[in-house]
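Only one structure is covered here, and it is reproduced in the block below.
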2 protein chains.
Amino acid sequence: MQATADDLFRALADPTRRAIFERLALEELPVHALTERAGVSQPAVSKHLRVLKQAGLVRDRRAGRQTHYSAQLGALAPLIDWTSQMAGFWQSRFDHLEDLLKRMDQ
Amino acid sequence: MQATADDLFRALADPTRRAIFERLALEELPVHALTERAGVSQPAVSKHLRVLKQAGLVRDRRAGRQTHYSAQLGALAPLIDWTSQMAGFWQSRFDHLEDLLKRMDQ
DNA sequence: CTCACTCATAACCAATGGGTTATCGTTTCT
DNA sequence: AGAAACGATAACCCATTGGTTATGAGTGAG
């Protein structure tokens with residue numbers, strides 16, 4: 001199921017969680033690597049990842065005893081839709097970016 | 001002071017508050033008009049407006065005993081920047097892949 | 001086989017936050 | 001002047017949530 005703008009805003013509202021997502025936008029990482037930099041405990045990181053996954057923002061890949069997470073940038077589409085709708089005059093400038101993300105979904 | 005992406009995400013994470021902002025994006029409205037549709041009490045609406053104003057998302061204009069609020073769409077800029085940056089990260093990952101493929105080409 | 005590592009879950013706690021009712025200061029209307 | 005409308009604030013309540021520690025399940029290494 002497609003995440004709503006509501007899901008995305010809620011998932012990204014927390015700074016710690018958003019920081020995790022930002023890191024995952026750069027590279028796929030296992031939980032312990034994320035924990036090192038997150039400034040919170042490993043269970044806290046796992047909980048954040050759960051929320052991000054629920055929102056469709058990240059994907060997990062089991063590899064032995066590690067779980068690698070990566071960002072699903074295409075999931076940002078509803079956020080872009082919402083913003084575009086709000087700021088109608090920027091619509092044209094956004095269409096390009098939106099297309100890009102949608103085409104690269106998953 | 002300029003609101004951060006953090007402020008914006010937090011301000012827009014609540015559905016009721018976001019709905020208020022969406023209405024104000026269409027037209028300037030006094031508090032009581034917003035209250036009619038918000039589904040919550042007038043003080044609740046006032047609190048939401050306070051948060052939105054703090055984030056720079058709305059502007060208020062006193063007129064007699066009414067206070068008219070309107071959306072400041074330009075305040076969404078940091079949100080757009082953030083999203084663009086995320087897309088940019090993705091782009092750079094893609095560039096890396098391209099590099100890799102090119103180097104492997106010969 | 002045993003020990004260490006990785007991660008998810010459970011149980012719990014404190015802070016935050018969105019809601020309420022009550023009230024007060026302004027402003028408008030009669 | 002008195003009453004009613006409007007909106008902000010205060011005081012309070014309860015659900016949510018982000019954090020913790022403890023633990024268990026699964027996997028890799030010695």
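Keep in mind the model is a prediction, meaning the values are calculated, not measured. Chain letters run A, B, ... following the sequence lines, proteins first and then strands; every chain starts at 1.
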Under 4.0 Å: is that the gap between some side-chain N or O of B:Y69 and OP1 or OP2 of D:dA8? yes

Each nucleotide in nucleotides 18-30 of chain D should get exactly one letter: B, S or -. Can you fill that in based on protein heavy atoms under 4.0 Å? BBBBB---BBS--

With the 4.5 Å side-chain cut-off for hydrophobic clustering, are B:L29 and B:V51 part of the same group? no

Please state how far atom CD in B:Q66 lies from atom C1' in D:dA4, giving the value in whole angstrom units. 14 Å

Report yes if some heavy atom in the side chain of A:T67 is under 4.5 Å from a heavy atom in the side chain of A:L49; otherwise report no. no

If I take atom CD in residue B:Q54 and atom P in nucleotide D:dA8, what distance separates them, rounded to the nearest angstrom? 14 Å

Go through B:L79 and B:L76 one step at a time and tell me if the side chain to side chain contact (heavy atoms under 4.5 Å, CB included) criterion holds. CA-CA 5 Å; B:L79 194 61; B:L76 291 175; 4.2 Å; yes

By the side chain to side chain donor-acceptor pair (under 3.5 Å) test, which pairs, at least two apart or in different chains, include something from residues 3-15 of chain B? A:R18-B:D6, B:T4-B:D7

Please step through side chain to side chain contact (heavy atoms under 4.5 Å, CB included) for the pair A:R59 and A:K53, ending with a clear verdict. CA-CA 6 Å; A:R59 193 175 146 261; A:K53 185 179 172 184; over 6 Å; no

May I ask you to say what A:S46 touches in the nucleic acid, namely base, sugar-phosphate or nothing, with a heavy-atom cut-off under 4.0 Å? base

Please name all residues satisfying side-chain contact (heavy atoms from CB on, under 4.5 Å) with B:A19, sequence neighbours left out, ordered by chain then number. none

Considering only distance and modelled atom types, tabulate donor-acceptor pairs under 3.5 Å from the side chains of residues 34-48 of chain A, sequence neighbours left out.
| unit_1 | atom_1 | unit_2 | atom_2 | d |
| --- | --- | --- | --- | --- |
| A:T35 | OG1 | A:V31 | O | 2.9 |
| A:S41 | OG | A:A44 | N | 3.4 |
| A:Q42 | NE2 | A:S46 | OG | 3.1 |
| A:H48 | ND1 | A:R17 | NH1 | 3.3 |

Using chain B heavy atoms and a threshold of under 4.0 Å, write down where along DNA chain C the contacts begin and end, 5' to 3'. C:dG17 to C:dT28

Please name all residues satisfying side chain to side chain donor-acceptor pair (under 3.5 Å) with B:E28, sequence neighbours left out, ordered by chain then number. B:R61

